Amino acid sequence: QKEVEQNSGPLSVPEGAIASLNCTYSDRGSQSFFWYRQYSGKSPELIMSIYSNGDKEDGRFTAQLNKASQYVSLLIRDSQPSDSATYLCAVNFGNQFYFGTGTSLTVIP
Amino acid sequence: EAQVTQNPRYLITVTGKKLTVTCSQNMNHEYMSWYRQDPGLGLRQIYYSMNVEVTDKGDVPEGYKVSRKEKRNFPLILESPSPNQTSLYFCASSFGGELFFGEGSRLTVL
């Protein structure tokens with residue numbers, strides 16, 4: 001059974017701070033890694049994808065991947081109240097996708 | 001507009017009454033998949049399809065069937081629903097590994 005683990009939170013940060021979200025995965029053969037944001041009552045939407053070790057930046061978001069440690073993280077800089085949502089870590093292995101249970105983030109104005 | 005459309009969005013049914021949740025995408029994606037989302041368990045893959053007439057089981061396929069007769073459509077079939085299939089269901093299509101989700105279908109089985 002392939003597992004993706006996330007701290008469920010809730011994580012609260014003040015507006016303007018950096019939010020740090022973490023994810024570990026069990027299978028070293030995992031190929032692709034994704035972060036999705038899900039607002040309450042809505043469907044998940046892709047924020048970031050990362051395929052190789054290191055950092056990938058997109059605006060206020062930075063994804064970090066360390067395959068040796070089987071660890072993926074998402075940093076949100078200058079957090080905004082609109083970033084308040086549940087963040088899902090997803091891992092692709094072969095033709096299947098495995099999701100963590102999500103981390104709930106609240107950004108306090 | 002690029003989208004994945006699911007129907008119905010909400011459904012209450014009774015144990016044993018066959019139902020189908022439809023899923024259609026207009027992005028010409030080859031890969032489509034179904035997920036259920038339950039509190040504390042996250043999103044779990046039910047079935048996926050790499051292309052027309054090619055389907056395979058995900059992590060939780062028991063009690064579900066799918067078909068892929070056309071590229072754009074991937075219906076989820078519950079032949080004899082049971083209360084443990086009460087859940088929020090998402091269909092998704094994929095390009096390059098990135099999933100595009102439908103709006104979800106909330107199913108309650110009494």
Side-chain angles (χ1 to χ4, degrees), chain A residues 1-10 21-27 29-52 56 58 61 63 65 67 72 74 85-105, chain B residues 1-7 9-10 21 23-25 27 29-51 54-62 66 68 74 87-107:
Chain A
Q1 180 71 13
K2 296 170 180 44
E3 295 183 346
V4 179
E5 303 272 352
Q6 293 182 253
N7 187 331
S8 62
L21 305 164
N22 304 315
C23 172
T24 58
Y25 58 96
S26 63
D27 200 303
S30 300
Q31 299 153 303
S32 309
F33 307 86
F34 307 89
W35 284 99
Y36 289 84
R37 177 176 62 201
Q38 187 175 24
Y39 292 114
S40 180
K42 300 295 186 181
S43 57
E45 55 179 336
L46 181 71
I47 310 174
M48 294 283 287
S49 58
I50 186 165
Y51 304 97
S52 56
K56 179 181 178 182
D58 184 0
F61 299 96
L65 173 61
K67 288 188 176 180
V72 191
L74 179 70
T86 296
Y87 290 79
L88 307 175
C89 174
V91 174
N92 172 231
F93 183 87
N95 297 320
Q96 293 190 240
F97 290 86
Y98 300 89
F99 286 80
T101 53
T103 298
S104 176
L105 171 67
Chain B
E1 179 189 356
Q3 58 186 6
V4 178
T5 304
Q6 296 178 226
N7 280 295
R9 295 285 315 282
Y10 302 91
V21 186
C23 175
S24 181
Q25 52 99 0
M27 294 171 278
H29 289 166
E30 292 185 345
Y31 185 99
M32 296 185 73
S33 52
W34 276 102
Y35 303 82
R36 59 178 291 172
Q37 187 172 36
D38 302 290
L41 296 176
L43 275 164
R44 294 178 292 167
Q45 192 172 41
I46 303 171
Y47 268 95
Y48 63 94
S49 170
M50 298 296 293
N51 211 329
V54 180
T55 64
D56 212 340
K57 296 178 180 178
D59 263 3
V60 289
E62 295 78 20
V66 293
R68 187 93 181 271
F74 190 45
S87 188
L88 177 60
Y89 291 87
F90 287 102
C91 178
S93 68
S94 176
F95 176 76
E98 299 178 357
L99 292 166
F100 297 84
F101 286 89
E103 292 184 306
S105 297
R106 186 166 293 280
L107 171 64

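From a predicted model like this one, the values you see are computed outputs, not experimental measurements. First the proteins, then the strands, lettered A, B, ... as listed; each starts at 1.
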Hey, which of A:Gly100, A:Ser49, A:Pro44 has the most heavy atom pairs under 4.5 Å with chain B?
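Most pairs with chain B among the choices: A:Pro44.
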Are any side-chain N or O atoms of A:Ser43 and backbone N or O atoms of B:Gly104, one a donor and one an acceptor, separated by less than 3.5 Å?
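Absent.
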Side chain, backbone, both or neither: which part of [X] has a heavy atom under 4.5 Å from chain B?
X	value
A:Phe34	side chain
A:Ser32	neither
A:Glu45	neither

Do A:Tyr36 and B:Leu43 have side chains that get closer than 4.5 Å, going by heavy atoms?
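No, side chains not in contact.
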With a 4.5 Å heavy-atom cut-off, do B:Asp59 and A:Tyr98 have their side chains touching?
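In short, these two side chains touch, coming nearer than 4.5 Å.
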A:Tyr39 atom OH, neighbour heavy-atom count above 12 within 6.0 Å:
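Result for OH/A:Tyr39: enclosed.
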Assess whether atom CZ of B:Arg44 is packed by more than 12 heavy atoms of other residues, nucleotides or ligands within 6.0 Å.
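Above 12, so yes.
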Measure [X] against the heavy atoms of chain A and call it side chain, backbone, both or neither at under 4.5 Å.
X	answer
B:Phe100	neither
B:Glu103	backbone
B:Phe101	both

Quick check: under 4.5 Å, non-hydrogen atoms only, which of residues 85-95 of chain A neighbour chain B?
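Counting heavy atoms that sit under 4.5 Å from chain B, the residues of residues 85-95 of chain A involved are A:Leu88, A:Asn95.
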Quick one: pull up CZ in A:Phe97 and OH in B:Tyr31 and give me the separation to the nearest 0.5 Å.
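Spacing of CZ (A:Phe97) from OH (B:Tyr31) equals 5.0 Å.
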Heavy atoms only: give me the nearest B:Phe90-A:Lys42 pair and the separation to one decimal.
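Smallest interatomic distance, heavy atoms only, reads CZ-O, 3.9 Å.
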